[in-house]
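Report on the following structure.
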2 protein chains.
Amino acid sequence: MAAPAKTSDDAIATAARRRFEEPGAEFSMAAVAAAAGVRTPSLYKRFASRGALLGRVRRDAFAELGAALEAATHGATDRERLRSGAFGYRAFALAHPRLYALMFAPGEGDAATQQARAASAAPTIEILRRAVGPEHALAAARTLTAFLHGHVTMVQAGAFHLGGDVDAAFAYGLERLLDGLLGPAVPPAE
Amino acid sequence: MAAPAKTSDDAIATAARRRFEEPGAEFSMAAVAAAAGVRTPSLYKRFASRGALLGRVRRDAFAELGAALEAATHGATDRERLRSGAFGYRAFALAHPRLYALMFAPGEGDAATQQARAASAAPTIEILRRAVGPEHALAAARTLTAFLHGHVTMVQAGAFHLGGDVDAAFAYGLERLLDGLLGPAVPPAE
DNA sequence: ACCTGAACACCGTTCAAGT
DNA sequence: ACCTGAACACCGTTCAAGT
């Protein structure tokens, strides 16, 4: 008597998530529904609104970022770990530009998203607690994160258009920032 | 015989620009038209599309930012000028959050926008040419810009939610970054 | 209990008709 | 020459009707 379920929360979230990978594939409720093999109104049985569905994708994305950072962060010294984590962050953002834009879209930040965000930032703060001391660890993490986020969003916005090697500029900036936070790797000449 | 003009390019651009200030005022062609005292279809006599009108607002915004930076940048040393310019940049972005988001929205970057962007960045590059040398001036400017842009967009996205003093974290990060780029203001102890 | 066609409100855009 | 009502396509969302 009851109509059988043709989809699920997870299947819809997966279909929605995929819309952010294929370039040119617009995110619309109709497109997600079609990808999930269901009609548009059925989505509203499982997600209250477009925003709620995007919230689910966003939360999943922060978990993905956390895993990517954990996999990328390695090295013998704090400096090496911060450097490898930074390159991992950049690689994730540039590999998933539209997903990354969703993660940091201004506006709503639900509690679950904030928790996922905090979890992805925790390892960096932990390293910096040792490297710069507990009283500056949070500010230092925000500095590093601001640089990373700013770099990738400006690349994606096409703001670095004056030529030059953008990859080299990232490496240069990262080393100078680590110099400032941790002290120079070698004492400056002169 | 000819119908008299009831508006102009500039009047429409001004009305559009204003939609980015009043909080909660959505940008729509209908809202802009109403603010300009004209019906929606008339906008298309002067701007080919919503995107073209937003492009005009964006170009004007970069000119505004350039003027704000010029006014804010002062000081006896390069470090002081970079610091005051950085605070001016941050103040502009935080005072006009929705306009700022438009300026760096991913996607199209028309030639006129790129020129306006380059003009707003030129003074910073000029200071850095002296401070870090011509071969690193562009990379250093991108580093500073990435930090500034990243900081303000993360503030606006509500990403800095772990408590602590965000203003102090900005000042801390800026000084550490200037240390890394220019060398520490005072030699590090130990 | 879940799915769906039909409908609604909204928005960007076009166009023929007015003056 | 510029303005406008009417219309179109598209999208998020709702809901009564199906099974």
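Here is the naming used below: chain letters follow the sequence lines, and residue numbers restart at 1 for every chain.
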Should we say atom CD of Glu80(A) is surrounded by more than 12 heavy atoms from elsewhere, each under 6.0 Å from it?
->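 It does: Glu80(A) CD has more than 12 such atoms within range.
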Identify the nucleotide, in any strand shown, that forms a Watson-Crick or G-U wobble pair with dT14(D), with both distances under 3.5 Å; if there is none, say none.
->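 Result: dA6(C).
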So, is the end of the Arg90(A) side chain (NZ or CZ) under 6.0 Å from the ring centre of Phe170(A) and within 45° of the ring's axis?
-> yes
Cation over ring, Arg98(B) on Phe20(B), under 6.0 Å and within 45°?
->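 Because its charged atom sits under 6.0 Å from the ring centre and within 45° of the axis, Arg98(B) does stack over Phe20(B).
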In whole angstrom, give the distance that lies between atom [atom1] of [X] and atom [atom2] of [N].
X        : N       : atom1 : atom2 : result
Lys45(A) : dG18(D) : NZ    : P     : 16 Å
Arg46(A) : dG12(D) : CZ    : P     : 19 Å
Met29(A) : dT14(D) : CE    : P     : 10 Å
Arg39(A) : dC11(D) : CZ    : C1'   : 17 Å
Tyr44(A) : dA16(D) : OH    : C1'   : 17 Å
Leu43(B) : dC15(C) : CG    : P     : 17 Å
Arg19(A) : dG12(D) : CZ    : P     : 12 Å
Phe47(B) : dT13(C) : CZ    : C1'   : 16 Å

Are the side chain of Arg129(B) and the backbone N or O of Pro134(B) linked by a donor-acceptor pair below 3.5 Å?
-> no
Taking the side chain from Ser120(B) and the backbone from Phe62(B), do they hold a donor-acceptor pair closer than 3.5 Å?
->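 No, because the side chain of Ser120(B) does not come within donor-acceptor range (under 3.5 Å) of the backbone of Phe62(B).
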OP1 or OP2 of dT4(D) less than 4.0 angstrom from a side-chain nitrogen or oxygen of Lys6(B), does that happen here?
-> yes
Using a cut-off of strictly less than 4.0 Å, decide whether Arg50(A) has a side-chain nitrogen or oxygen near OP1 or OP2 of dC11(D).
-> no
Could you pick out which residue, Thr7(A) or Glu26(B), lies toward the 5' side of DNA chain C when each is mapped onto its nearest nucleotide?
->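 Its nearest nucleotide lies further toward 5', so the answer is Thr7(A).
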For Thr40(A), report the nucleic acid contact type (base, sugar-phosphate, nothing); a contact means any heavy atom under 4.0 Å.
->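 The residue Thr40(A) makes base contact.
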Pick base, sugar-phosphate or nothing for Ser28(A), based on heavy-atom distances below 4.0 Å to the nucleic acid.
->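 The residue Ser28(A) makes sugar-phosphate contact but no base contact.
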